[in-house]
Amino acid sequence: MKKESKFLDYIKIILVEIVAFFLFLFFLKIESIWIVIAAILLAILIYFLSKIYKEKFRALIELFSRYQNFAIGVLFILLIIYPFISPLIITHSTYWMLILIQTGIYIMIALGLNFQLGSTGMMNLATAAFYGIGAYTAGLLALKLGWTALLTIPLGGLAAAFAGLLLVIPIYRTKGHYLALVTLAFGFMLVLAADNIEIIGGPQGLKNIPPVNIFGYNFLTEIGSLHFYTNYYYLVLAILGITIFIFARLFNSWIGLTSAYIRDDEPAAKGCGININLRKLLVFVFGNFFMGVAGAIYAHMIGFISPPNFQFAQSLLIVAIVIIGGMDNILGVIVAAILLVVFPEKLRVVTEYRIFLYGILLVVTLILRPRGILPFGPRKYDSSILKFARKGGS
Amino acid sequence: MAEEKKVIFYTEDIEMRFGGLYALKNINIKIYENEILGMIGPNGSGKTTFFNVITGFYKPTKGRFYFMGEDLTGKEPYEITRKGISRTYQISRLCLDLTILDNILIGTYPVQKSGYSDAIFNRKKLIKEVKKHTERAVHLLNIFNPDLIEKLFVPVRSLPHIDRRRVEICRAMIAEPKLILLDEPSAGMNADETKELMDDIEKVRKEMENVTIMIIEHDMKVISSVSERVIALNFGQVIAEGTYEEVSHNKEVIEAYLGKEVANG
């Protein structure tokens, strides 16, 4: 009996995910602005339905959180087969694949920022700059020295981390929002510098950065009839998977707990024996690493980078993703990244007003859900701890 | 009698000056092992400042303090906490959005040993540690209020004042410190809650036989019932020291609390 219900639960999860997956595919397919608006209205309707049928909705969420690993596994399989299915349904599947890769890269940066801002409360307004440091490092190493992506991608991350280290040390003595101001200035400075240093291309940027080439496999190779972007799609999917895995584990550990304490109440954290300066330094450096990695992948994929790619507006987008998604919630960040990167592509008509759209979205979220779409939930550490606590500690 | 006991903490001429204002002046206090020491004094007499100085939040402008024979003057709060001094705060300092479990577990941070790599790669070690501390947290909650055990994963925000205070006391106790500093635990509580709190402090004593407790209080009932020795402060200086009876009949103390005319008249 019990086994049967478990089986049914699995089926339910698979069905829900497949339906959501195809809804998403069809959303990518539609071209007419009116249908897009209809889809948005539908999403709003679903939101209100979830309010009305609270119980059923909650049961569904409960189901997903209970079989979390299974649900993630199913989603992962769906994402793996996506490149094979999408050309059958979507007209401009290559274009949308590029957008999805872009989304993946943004998720990676946003997760890095989420670790800094969402988990620890360190405002970083130079995410695009650190992302740019990763991109330029990888680009230069590949162009000038001909190094393989196997080295340039992690080194891009390390360069961004190192830049973060240099930036954080002098601001130990300051408090509050000075970090935000310093990073803000740093972001502007870096773009200006990149614009004016001739060795790294100046305003022309870096051209013809070689594609990723791992163990003789060139990422420009097409997989059957699929575009070569598919290679990058899988690369980003894999690295993003690892990133999410790492941040989920960090959240459910002392690191996540102490960071949350620093964010919510710094004096109390001090009183609990936490070396705040050291923890902040590590968090900042660690978050930056992932931004750098994301930048390095981008440089290799597009092959051309220039200072305008890393301007303040990009940093704002990342901050908006973290705030709209919900501080300190990985799933929230992912949802918000899709919302802010994929959806505006559908509203091409209003592309010029994109920043304006972000502003509206930010205000609406802050009114409807002041703590983000998905605010962080209880830290569960591990299923065994949860079980232990449920039994009343026996 | 008291002289035979071992001194675990003492201060040498602690002075804390904010600009021209002396918040503390020539404070020489001894804390004996295993006692419950009360500290009283009117508003602004320097009690909380004293706690902030000996936990490292303020750096004293003069003087030194020693814990277990070690000079801790000028050390950072986190270093002092790791030496075995933990405290609660006058205005409850819990992270209201975090769960009860989180708020208690954070107290074990000084004694846990998992780092970044353990969090990512060596989950077994981390979870074993978390589980051990969770068991201890459940044990402590069971002493104060068993109802809280079911709410381990509930945010602290939803708890009433007294339970928040209990969570805070659990947080201070869980790392098994040698000295616990309670900063006005009854602040903002009604008479019934205060009575419960007095029982709670007795429970702390019973649970941790070797712990030394220093408590700041406004409520004389709490002080008279729990503390074995009392120190009275006024204008940043020690004006009386002794048993509750002695201190409460001290003329200077009555003056400090009620004003000169009343004391004389």
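Residue numbers start from 1 in every chain, and the chains themselves are labelled A, B, ... in the order their sequence lines are given, proteins ahead of strands. The basis for the numbers below is simple: all heavy atoms, side chains too, and nothing from hydrogens, waters or symmetry mates. The structure displayed is predicted, hence computed values, not measured ones.
In terms of non-hydrogen atom pairs under 4.5 Å with chain B, the most contact-rich of Ile276(A), Leu250(A), Ile246(A) is Leu250(A). Ranked by heavy-atom pairs under 4.5 Å with chain A, the first of Gln112(B), Arg82(B), Lys83(B) is Gln112(B). Of the listed residues Asp102(B), Thr99(B), Leu96(B), Leu94(B), the one with more heavy-atom pairs under 4.5 angstrom with chain A than any other is Asp102(B). Counting heavy-atom pairs closer than 4.5 Å to chain A, the top residue among Thr108(B), Val130(B), Leu152(B) is Val130(B). Interface remark: of the candidates Asp264(A), Ile255(A), Ile274(A), Ile274(A) forms the most heavy-atom pairs closer than 4.5 Å to chain B.
Aromatic ring pairs are classed by plane angle as parallel below 30°, tilted from 30° to 60° and perpendicular above 60°; the pair Tyr116(B) and Phe286(A) is tilted.
Counting heavy atoms from C-beta on, the side chains of Leu98(B) and Tyr261(A) come closer than 4.5 Å. Looking at Asn252(A) and Arg123(B), their side chains come closer than 4.5 Å, going by heavy atoms from C-beta outward. Between Leu105(B) and Tyr381(A), some side-chain heavy-atom pair lies under the 4.5 Å cut-off.
In the displayed structure, Phe57(A) atom CZ is contacted under 6.0 Å by at most 12 heavy atoms of other residues, nucleotides or ligands. The environment of Leu166(A) atom CG is dense: over 12 non-hydrogen atoms of other residues, nucleotides or ligands sit within 6.0 angstrom. Other residues, nucleotides and ligands place more than 12 heavy atoms under 6.0 Å from the OH atom of Tyr66(B). Around the NZ atom of Lys59(B), the shell of radius 6.0 Å holds more than 12 heavy atoms that belong to other residues, nucleotides or ligands.
At a cut-off of 3.5 Å, with distance as the only test, no side-chain donor of Asn275(A) or Tyr109(B) sits close to an acceptor on the other residue.
With a 4.5 Å cut-off on non-hydrogen atoms, Ile106(B) touches chain A through its backbone and its side chain both. Heavy-atom distances place the side chain of Phe57(B), and not its backbone, under 4.5 Å from chain A. Residue contact with chain A, scored on non-hydrogen atoms closer than 4.5 Å, involves the backbone and the side chain of Thr134(B) alike. In this structure, the portions of Asp97(B) lying under 4.5 Å from any heavy atom of chain A include both its backbone and its side chain. Using a 4.5 Å cut-off between heavy atoms, Glu76(B) does not touch chain A at all. For Leu141(B), no part sits under 4.5 Å from any heavy atom of chain A, backbone or side chain. For Asn103(B), the parts lying under 4.5 angstrom from a heavy atom of chain A are both the backbone and the side chain.
Annotation: the span from Tyr78(B) atom OH to Thr258(A) atom OG1 amounts to 13.5 Å, rounded to 0.5 Å. The distance from atom CD1 of Ile80(B) to atom NZ of Lys270(A), rounded to the nearest 0.5 Å, is 11.5 Å. Atom CZ of Arg87(B) is separated from atom SG of Cys272(A) by 11.0 Å, given to the nearest 0.5 angstrom. Interatomic distance, Ile242(A) CD1 to Ile120(B) CD1, rounded to the nearest 0.5 Å: 11.5 Å.
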